[in-house]
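Data block below; observations after.
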Amino acid sequence: MPDIANPELAEQGLNRIEYAWTEMPVLHSIMERFEKEKPLEGLILAPCLHVTTETANLMRTLKAGGAEIHLCASNPLSTQDDTAAALVEHFDVDVHAVHGADRDLYYKHINSCIDPGPNVTMDDGCDLVTTLIQKRKDKLDGVIGGTEETTTGVIRLRAMAADGVLPVPIIAVNDALTKHLFDNRYGTGQSTIDGIIRATNILLAGKTFVIAGYGWCGRGLAMRAIGQGSHVIVTEVNPVKALQAVMDGCRVMTMEEAAPIGDIFVTVTGDINVIRREHMEKMHDGAILANSGHFDVELELTALEDMASEVKRIRQNLDMYTMPDGRRLFLAGQGRLVNLAAAEGHPASVMDMSFANQALCVEYLKGHADELDTEVYPVPADIDNRVAELKLASMGVNIDTLTPEQEKYLSSWEVGT
Ligand SMILES: NC(=O)c1ccc[n+]([C@@H]2O[C@H](COP(=O)([O-])OP(=O)(O)OC[C@H]3O[C@@H](n4cnc5c(N)ncnc54)[C@H](O)[C@@H]3O)[C@@H](O)[C@H]2O)c1
């Protein structure tokens, strides 16, 4: 039995799912093939993903391929209740997701999706596989493999493999070029700005915008913040990434140096306690804090709570923390991924590529899982290339092909100066 907030939101959800579909031509073409070939017939899937309109279109694609689906949320604040309702009412998907679910309900939903005995897991942050290993070993037997959507999940899965506890092969969808070069960079870049603006309605032009972490997400975010007229400061722990930020025109310094001068602070590192009490103590009145990394551990929220003499929700996704000295710090989206908590996550056209990889990797696992070990695998290169080709075709963009002479030249060593 599905567990959703309100079935009456189904029509609204359907409209938004169909609208997102117009921007997802790659997934659309995969669905058309899946409908004819039914490559996922007999497969039980347990996706633990952000329950958004784009995910809904992935679910309808997987269902068209013949899969049975039990969907739960990968974050309690990103669930769109209307999308969940539409998936149940219009697409006959078993959904267990309620916006704002507390920790107990969140894990109850994950367990509900494990109960039917999945063959393939689809994680975004690795909470479902972690639950399987720690609490539900009884359901491991039928699992042939899984996929992982995000950087943080891939890090956790590699740690499991290193500890010898990873139970099944996992494909790191995050690491596909057609995923992280686009989703993490352009998707997170745009949607994080969107989340901050929706939560605060702040003008970015002229503001000092501090970004912790200059990975794929941080780079995309910096690009968009600069485009909005902000002065971008980057903090990093990796010297190469820091150097890249300098060459890209950002100021690079420590968080301690950035704390008193930043107007907006965003963490996007996948790390823990990146902005801590000692930094918050130095921030000026009105500073805004947000996180776009996967877990809500990048800002030291316990310290923020502890320091404040008063905490007040002043807008839908904005909490004001008043300090005993009168300074007010504003926290967007409760420190959870701000693009999903305060906005709608990535635009559909970028999720089109990430989710095309997901759909094709599930199909790949069905055909190849028995050839794989219990390791974290990259997305097969031909899937990555196929997704790029389909996306280019949908955009009407043609590219050149190598002539036989060029192919020979590029694979030989004899020709020199
Ligand atoms: N908001 C979203 O929708 C979204 C989308 C994709 C990924 N993510 C998440 O965002 C996070 C970053 O992903 P990514 O793909 O950019 O990862 P990445 O590995 O490419 O980059 C992370 C960067 O953070 C830096 N870093 C680590 N600890 C730091 C610290 N204490 N201070 C400053 N910098 C530090 C690392 O050196 C690295 O350059 C992950 O948690 C990932 O799961 C979120």
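In listed order, ligands and their atoms are each counted from 1.
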*Enumerate the atoms of ligand 1 whose separation from the nearest heavy atom of H294 is less than 4.0 angstrom.*
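It comes down to these atoms of ligand 1: 9 (C), 41 (O), 43 (O).
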Which protein heavy atom lies closest to [atom], and at what distance to 0.1 Å?
{"atom": "atom 28 (N) of ligand 1", "result": "D271 OD2, 2.9 Å"}
{"atom": "atom 18 (P) of ligand 1", "result": "G215 CA, 3.9 Å"}
{"atom": "atom 42 (C) of ligand 1", "result": "T150 OG1, 3.4 Å"}
{"atom": "atom 1 (N) of ligand 1", "result": "S292 O, 2.8 Å"}

Ligand 1 N/O within reach of [X] N/O, cut-off under 3.5 Å:
{"X": "K241", "result": "yes"}
{"X": "N184", "result": "yes"}
{"X": "G293", "result": "no"}
{"X": "T192", "result": "no"}

May I ask you to say whether [X] pairs ionically with [Y], meaning some side-chain N is under 4.0 Å from a carboxylate O?
{"X": "E148", "Y": "R158", "value": "no"}
{"X": "R156", "Y": "D127", "value": "yes"}
{"X": "K179", "Y": "D384", "value": "no"}
{"X": "R219", "Y": "D248", "value": "no"}
{"X": "D194", "Y": "R198", "value": "yes"}
{"X": "E363", "Y": "R33", "value": "yes"}

*Does any donor atom in the side chain of Q190 or H346 lie under 3.5 Å from an acceptor atom in the other side chain?*
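Distance-only check fails for Q190 and H346.
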*Do the side-chain N and O atoms of N357 and T178 include a donor-acceptor pair separated by under 3.5 angstrom?*
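Per modelled atom types, N357 and T178 side chains form a pair under 3.5 Å.
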*Under 4.0 Å, heavy atoms only, figure out whether ligand 1 is touched by the backbone of T151, its side chain, both or neither.*
both
_One residue to check: V274. Relative to ligand 1, which of side chain, backbone, both or neither has a non-hydrogen atom less than 4.0 Å away?_
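For V274, the contact with ligand 1 is made by the side chain alone.
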*Among G270, G345, A242, C217, whose heavy atom sits nearest atom 16 (O) of ligand 1?*
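Of the listed residues, C217 has the closest heavy atom.
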*Determine, using heavy atoms of H180 and all atoms of ligand 1, whether some pair is separated by less than 4.0 Å.*
no
*At a 4.0 Å cut-off, with the gap strictly under it, does some heavy atom of H346 reach an atom of ligand 1?*
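In this structure, H346 qualifies as a contact of ligand 1 - some heavy atom is under 4.0 Å.
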*asked:* Given 3.5 Å as the limit, does a donor-acceptor pair link the side chain of E236 with the main chain of N238, or not?
replied: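 Here the side-chain-to-backbone pair exists.
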